Amino acid sequence: MNKKEIITEIETNPVIMAIKDNKDLRKCLENDIKVVFVLYGNINNISYIVEKLKDHGKYVIVHEDLIEGLRPGNLASEFIINQTSADGIITTRVKDAIKAKQLGLFTVLRFFILDSLSLESMKNSLKSANADLIEVLPGVMPKIIKDLSRRTAIPIVAGGLIKDKEDVINALNSNAFAISSSNYEVRNM
């Protein structure tokens, strides 16, 4: 895995597939989008899920916080790197993103912006974050995305609640680097 390759692929196609179950996995294997966020699995099947995607030429980023049986902390990234061939991880924890980056994984730091307090907390976290991408949820907040893009050089992915072409265009026009969606119709625009 090469960080530059993943970034280049996202620049070429700014839609990232987010898969949340085996049905999404099957659809993903038939699609030509190369960057995939895996938002499901457990310690018994995550290696299989990753391998299926890798066999189809995908860059695979696993949301380690959502893998059943993994606990947050340094060992989660070590498990991902030692037990799978994933290219990177997604996490909501700055410390876990730092550890994953040290291990050589591509890192996505995910933030949920629920109110002004969570927005301020995110802004403070950006000072210590050294992630490859930041994912902001919900992704239908053009003003917030534009403001955040001025505060950091880390590319921003807009995710969550993106349901149509207008949402995609608004996010990208607000300086989002890419969007992530588990909505199959959005992925095929």
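From a predicted model like this one, the values you see are computed outputs, not experimental measurements.
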J.: Apply side chain to side chain contact (heavy atoms under 4.5 Å, CB included) to the pair Leu133 and Ile6, showing each step before the final yes or no.
T.: CA-CA 11 Å; Leu133 293 176; Ile6 295 172; 5.8 Å; no
J.: Determine the minimum heavy-atom distance between Ser180 and Ile162, stating which atoms define it.
T.: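 Scanning both residues, the minimum pair turns out to be O-CD1, 4.5 Å.
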J.: Looking at Lys163 and Glu185, is any side-chain nitrogen of the basic one under 4.0 Å from a carboxylate oxygen of the acidic one?
T.: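 Lys163 and Glu185: not salt-bridged.
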J.: Any side-chain heavy atom of Ile61 sitting closer than 4.5 Å to one from Ile16?
T.: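 They are not in side-chain contact.
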J.: Are any non-hydrogen side-chain atoms of Asp132 and Val108 less than 4.5 angstrom apart?
T.: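 Result no, sub-4.5 Å side-chain heavy-atom pair not found.
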J.: Please report the C-alpha distance between Leu70 and Ile43 in whole Å, then the side-chain angles of each, then the deciding distance to 0.1 Å, and finally whether the side chain to side chain contact (heavy atoms under 4.5 Å, CB included) criterion is met.
T.: CA-CA 7 Å; Leu70 282 184; Ile43 59 172; 3.9 Å; yes
J.: Check whether any side-chain heavy atom of Glu9 lies under 4.5 Å from a side-chain heavy atom of Glu5, and answer yes or no.
T.: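 With C-beta onward as the side chain, the pair stays apart.
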J.: Considering residues, nucleotides and ligands other than Glu11, do more than 12 of their heavy atoms fall under 6.0 Å from its CD?
T.: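 It does: Glu11 CD has more than 12 such atoms within range.
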J.: Please round to the nearest 0.5 Å and tell me the distance separating atom CD1 of Ile90 and atom CG of Leu66.
T.: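 Those atoms lie 8.0 Å apart.
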J.: Is it true that atom OH of Tyr184 has more than 12 heavy atoms of other residues, nucleotides or ligands lying nearer than 6.0 Å?
T.: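 More than 12 heavy atoms, drawn from other residues, nucleotides or ligands, come within 6.0 Å of this atom.
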J.: Ignoring hydrogens, what is the shortest heavy-atom contact between Cys28 and Ile19? Give both atom names and the distance.
T.: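 Shortest heavy-atom contact: CB-CG2, 4.0 Å.
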J.: Could you point out which residue of Asp24, Asp21, Asn45, Asn22 forms a side chain to side chain donor-acceptor pair (under 3.5 Å) with Tyr40?
T.: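 Looking at Asp24, Asp21, Asn45, Asn22, the match for Tyr40 under the side chain to side chain donor-acceptor pair (under 3.5 Å) is Asn22.
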J.: Can any side-chain N or O of Lys58 pair as donor or acceptor with the backbone N or O of Ile33 at less than 3.5 Å?
T.: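 A pair under 3.5 Å: yes.
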J.: In Å, rounded to the nearest 0.5 Å, how long is the span from NZ of Lys20 to CG of Asn183?
T.: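 Separation between the atoms: 8.5 Å.
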J.: Can you get from Leu126 to Val136 by hopping between Ile, Leu, Val, Met, Phe, Trp and Tyr side chains that sit under 4.5 Å apart?
T.: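 Same cluster.
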J.: Consider only side-chain heavy atoms of I, L, V, M, F, W and Y, link residues closer than 4.5 Å, and tell whether Val50 and Leu105 are in one cluster.
T.: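 Val50 clusters together with Leu105.
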J.: Side-chain heavy atoms under 4.5 angstrom apart, residues restricted to Ile, Leu, Val, Met, Phe, Trp, Tyr: same cluster for Phe79 and Val62?
T.: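 They do share one cluster, since a chain of ILVMFWY contacts under 4.5 Å joins Phe79 to Val62.
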J.: If you measure from CG on Leu161 to OG on Ser181, what distance do you get to the nearest 0.5 Å?
T.: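 Answer rounded to 0.5 Å: 9.5 Å.
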J.: For a 4.5 angstrom cut-off between non-hydrogen side-chain atoms, does Asn13 reach Lys34?
T.: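 No - every pair of side-chain heavy atoms lies 4.5 Å or more apart.
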J.: Do Asp96 and Pro72 have side chains that approach each other closer than 4.5 Å (heavy atoms only, starting at C-beta)?
T.: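 The answer is yes, as the side chains (C-beta and beyond) meet within the 4.5 Å cut-off.
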J.: Of all heavy-atom pairs between Ala171 and Gly139, which one has the smallest distance, and what is that distance?
T.: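 Minimum heavy-atom contact is CB-O, 4.0 Å.
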J.: So do the side chains of Ile154 and Phe177 get within less than 4.5 Å of each other, counting heavy atoms only?
T.: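 No, every pair of side-chain atoms sits at 4.5 Å or beyond.
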J.: Under the salt bridge (charged side-chain N to carboxylate O under 4.0 Å, His left out) rule, what do Lys54 and Asp87 come out as? Steps first, then yes or no, please.
T.: CA-CA 9 Å; Lys54 296 297 285 180; Asp87 299 291; 2.9 Å; yes
J.: Hey, any chance Val36 and Ile49 share a hydrophobic cluster, counting ILVMFWY side chains that come within less than 4.5 Å of each other, even indirectly?
T.: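 Yes, one cluster joins them.
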J.: Given Glu64, which partner from the list Thr91, Ile46, Val38 fulfils the side chain to side chain contact (heavy atoms under 4.5 Å, CB included) test?
T.: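 Exactly one option meets the side chain to side chain contact (heavy atoms under 4.5 Å, CB included) with Glu64, and it is Thr91.
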J.: Val186 versus Ile179: any side-chain heavy-atom pair under 4.5 Å?
T.: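 Val186 vs Ile179: side chains touch.
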J.: Going through the distances and angles, do Phe106 and Ile7 end up as a side chain to side chain contact (heavy atoms under 4.5 Å, CB included)?
T.: CA-CA 10 Å; Phe106 187 87; Ile7 294 293; 4.0 Å; yes
J.: Side chain to side chain contact (heavy atoms under 4.5 Å, CB included) between Asp147 and Lys123: does it pass, once the steps are laid out?
T.: CA-CA 10 Å; Asp147 178 53; Lys123 289 176 184 177; 3.3 Å; yes
J.: Please tabulate, one pair per line, all N/O donor-acceptor pairs under 3.5 Å involving side-chain atoms of residues 109-119, not counting sequence neighbours.
T.:
from	atom 1	to	atom 2	distance (Å)
Arg110	NE	Glu135	OE1	2.8
Arg110	NH1	His63	NE2	3.4
Arg110	NH2	Glu135	OE1	3.2
Asp115	OD1	Leu117	N	3.2
Asp115	OD1	Ser118	N	2.8
Asp115	OD1	Ser118	OG	3.2
Ser118	OG	Leu114	N	2.8
Ser118	OG	Asp115	N	3.0
Ser118	OG	Asp115	O	2.9

J.: For the CD1 atom of Ile144 and the OG atom of Ser174, what is their distance to the nearest 0.5 Å?
T.: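 Ile144 CD1 to Ser174 OG: 10.5 Å, rounded to 0.5 Å.
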J.: Taking the side chain as C-beta and beyond, is there a heavy-atom pair between Leu25 and Leu53 under 4.5 Å?
T.: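 Touching, per the 4.5 Å side-chain cut-off.
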J.: Is it true that atom NZ of Lys95 has more than 12 heavy atoms of other residues, nucleotides or ligands lying nearer than 6.0 Å?
T.: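 No - once you tally the heavy atoms of other residues, nucleotides and ligands closer than 6.0 Å, there are 12 at most.
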J.: For the residue pair Ile80 and Ala86, what are the closest heavy atoms and their distance?
T.: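 Looking at all heavy atoms of both residues, the shortest contact is CG2-CB, 3.9 Å.
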J.: Look up atom OG1 in Thr107 and atom NZ in Lys99, then write down how far apart they are to the nearest 0.5 Å.
T.: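 NZ of Lys99 is found 13.5 Å from OG1 of Thr107.
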J.: Going hydrophobic residue to hydrophobic residue with side-chain gaps under 4.5 angstrom, can you get from Ile67 over to Ile81?
T.: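 Yes, Ile67 and Ile81 fall within the same hydrophobic cluster.
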J.: Kindly compute the distance separating CE (Met122) from CG (Asn124), expressed to the nearest 0.5 Å.
T.: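 It is 11.0 Å, given to the nearest 0.5 Å.
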